[in-house]
Amino acid sequence: MGCVCSSGVKHTPGYEDPALLAKETPFTVSEVEALYELFKKLSSSIINDGRIHKEEFQLALFRNRNRRNLFADRIFDLFDQKRNGVIEFGEFVRSLGVFHPNTPVEDKITFAFRLYDLRRTGFIEKEELTEMVIALLHESDLVLSEDVIEVIVDKTFNDADIKGDGKIDKDEWKQFVANNPSLIKNMTLPYLK
C-alpha cells in the first residue's frame, strides 16, 4: 500500500514531501523526516495501512486501545483535519506543529480552546469544562469527589466567564490563559527546544 515515488521509496497513503511540510510548519526538514518514522510506527501498530486510526492513537498516548477516553478522542478529532476517521501524515505533522516551541502562543491558546469546545459551538460551556476536567483527572489517575470537582469547575468557569453569560468565548479564554499560563505549559514539546 502507498505510493511509490520515482526514487523507488515506498510511502504511506497521504504522504507529503517533508520540505513542503517544513515550510508550512515550525519543523525543520529533518524533524519532519523523524516524525515520518514515528508516524510509520504508530500507523502500523494495529492496522498496517499507513494511517493512524483512533485505536492506534489511544494506544500511543495511553498504552490502551480499548478504554474510551474523551481527552484522547478530542485530540484525535482535532488532528483528523479531513474528518475522515483517520490521521494521515500531513495532518499528523501540521497538528503536532502546535506543540513546537516556536509556535506562537496564540495558536496554542486556540488549539486548547478547540479542545475544550466539545460541541464545536465556538464557546466553552460549563458542562464541557466539567467533562474535560473529569477526563483529565481520570487520565492522571486522580480521584476527587464530585463536590471537589464541582468547586474546581465553578471557580474556573467563574474566573473565565468575564461577561457572565454562561459560556466562555475565544476572547475570554485568551484572557483566562494569559492570567493562568500553566494551562498551556504542556503544549510545548521540550525535546525540540
Side-chain angles (χ1 to χ4, degrees), residues 14 25-26 35 38-39 42-43 45-47 51-101 103-144 146 149-150 152-157 159-161 166-178 180-190:
T25 67
L35 287 173
L38 174 62
F39 178 83
L42 297 178
S43 66
S45 62
I46 299 173
I47 303 167
R51 296 173 182 91
I52 298 175
H53 295 258
K54 192 171 278 193
E55 298 81 11
E56 292 169 320
F57 193 74
Q58 282 205 194
L59 182 63
L61 284 180
F62 303 111
R63 302 284 179 236
N64 183 335
R65 71 179 189 184
N66 297 319
R67 195 171 87 200
R68 297 279 304 161
N69 177 283
L70 176 64
F71 183 67
D73 286 349
R74 286 300 299 142
I75 294 175
F76 183 89
D77 290 344
L78 293 175
F79 275 43
D80 179 15
Q81 297 167 350
K82 293 180 181 176
R83 308 199 49 76
N84 60 357
V86 293
I87 300 170
E88 296 175 356
F89 178 59
E91 293 173 307
F92 182 69
V93 173
R94 286 181 186 92
S95 296
L96 280 176
V98 77
F99 298 98
H100 194 283
T103 296
V105 171
E106 179 74 31
D107 293 351
K108 294 174 186 291
I109 291 171
T110 298
F111 184 89
F113 181 86
R114 292 176 57 219
L115 185 66
Y116 282 84
D117 181 14
L118 301 176
R119 292 167 193 79
R120 297 178 191 94
T121 60
F123 300 98
I124 299 171
E125 298 167 353
K126 196 171 204 172
E127 298 78 28
E128 294 171 316
L129 181 61
T130 302
E131 288 178 52
M132 284 299 289
V133 167
I134 291 170
L136 291 167
L137 290 171
H138 183 35
E139 273 316 308
S140 303
D141 292 324
L142 291 173
V143 179
L144 299 177
E146 288 182 26
I149 292 171
E150 186 177 340
I152 291 169
V153 170
D154 285 347
K155 167 89 171 95
T156 302
F157 202 84
D159 288 352
D161 183 19
K167 56 190 176 188
I168 302 167
D169 65 28
K170 290 177 184 174
D171 290 333
E172 290 171 316
W173 179 255
K174 184 177 178 180
Q175 183 60 49
F176 183 66
V177 173
N180 301 278
S182 63
L183 287 170
I184 61 167
K185 74 174 180 155
N186 290 335
M187 292 196 59
T188 298
L189 299 172

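Side-chain atoms are counted along with the backbone in the values below, which use heavy atoms only and exclude waters and symmetry mates.
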Verdict with supporting geometry, Lys167 and Glu172, salt bridge (Lys or Arg N to Asp or Glu O under 4.0 Å): CA-CA 9 Å; Lys167 56 190 176 188; Glu172 290 171 316; over 6 Å; no

Steps toward side-chain contact (heavy atoms from CB on, under 4.5 Å) verdict (Phe92, Leu42): CA-CA 11 Å; Phe92 182 69; Leu42 297 178; 3.9 Å; yes

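Under the 3.5 Å distance criterion, the side-chain polar atoms of Asp117 are matched with a main-chain donor or acceptor of Thr121. Listed for the Arg114 side chain is no donor-acceptor partner under 3.5 Å among the backbone atoms of Arg74.
Considering CD1 of Ile184 and CZ of Phe111, their distance stands at 12.0 Å, rounded to 0.5 Å. Within the model, atoms OG1 of Thr130 and CD of Glu146 stand 10.5 Å from one another, a figure rounded to the nearest 0.5 Å. The distance from the CG atom of Leu115 to the CE atom of Met132 is 4.0 Å, given to the nearest 0.5 Å. A distance of 9.0 Å separates OG1 of Thr188 from CZ of Phe99, quoted to the nearest 0.5 Å. To the nearest 0.5 Å, atom OG1 of residue Thr110 and atom CH2 of residue Trp173 are 11.0 Å apart. Atom CD of residue Gln58 and atom CD1 of residue Ile46 lie 9.5 Å apart, to the nearest 0.5 angstrom.
Between Ile168 and Lys126 the shortest side-chain heavy-atom distance does not fall below 4.5 Å. Counting heavy atoms from C-beta on, the side chains of Leu183 and Phe176 come closer than 4.5 Å. Considering only heavy atoms from C-beta on, Lys54 comes within 4.5 Å of Asp77 through its side chain. Two residues are said to be in side-chain contact when any heavy atoms from C-beta on lie closer than 4.5 Å; Glu88 and Gln81 fail this criterion. Between Leu78 and Val98 the shortest side-chain heavy-atom distance does not fall below 4.5 Å. Residues Leu118 and Glu131 have side chains in contact (heavy-atom distance under 4.5 Å, counting atoms from C-beta outward). In this structure the side chain of Val133 never reaches within 4.5 angstrom of the side chain of Thr156, judged on heavy atoms.
A salt bridge between Glu91 and Lys82 is absent, with no side-chain N of the basic residue lying under 4.0 Å from a carboxylate O of the acidic one.
Across Ala135 and Leu70, no two heavy atoms sit closer than the pair CB-CB, 3.9 Å. Between Gly166 and Asp161, the shortest heavy-atom contact is N-OD2, 2.8 Å. Residues Phe157 and Glu125 approach most closely at CE1-C, 3.6 Å, considering heavy atoms. The shortest heavy-atom contact between Gly97 and Pro26 is O-CG, 3.6 Å.
Using the six-membered ring where Trp is involved, Phe76 and Phe57 have ring planes that are perpendicular, over 60° apart on the 30 and 60° scheme.
Applying the side-chain contact (heavy atoms from CB on, under 4.5 Å) rule to Glu150 yields the partners Asp154; only residues at least two apart in sequence or on another chain are considered. For Leu136, the side-chain contact (heavy atoms from CB on, under 4.5 Å) partners two or more places apart in sequence, or in a different chain, are Phe71, Tyr116. Remark: Ile47 pairs with Asp49, His53, Glu56 by the side-chain contact (heavy atoms from CB on, under 4.5 Å) rule, at least two apart or across chains.
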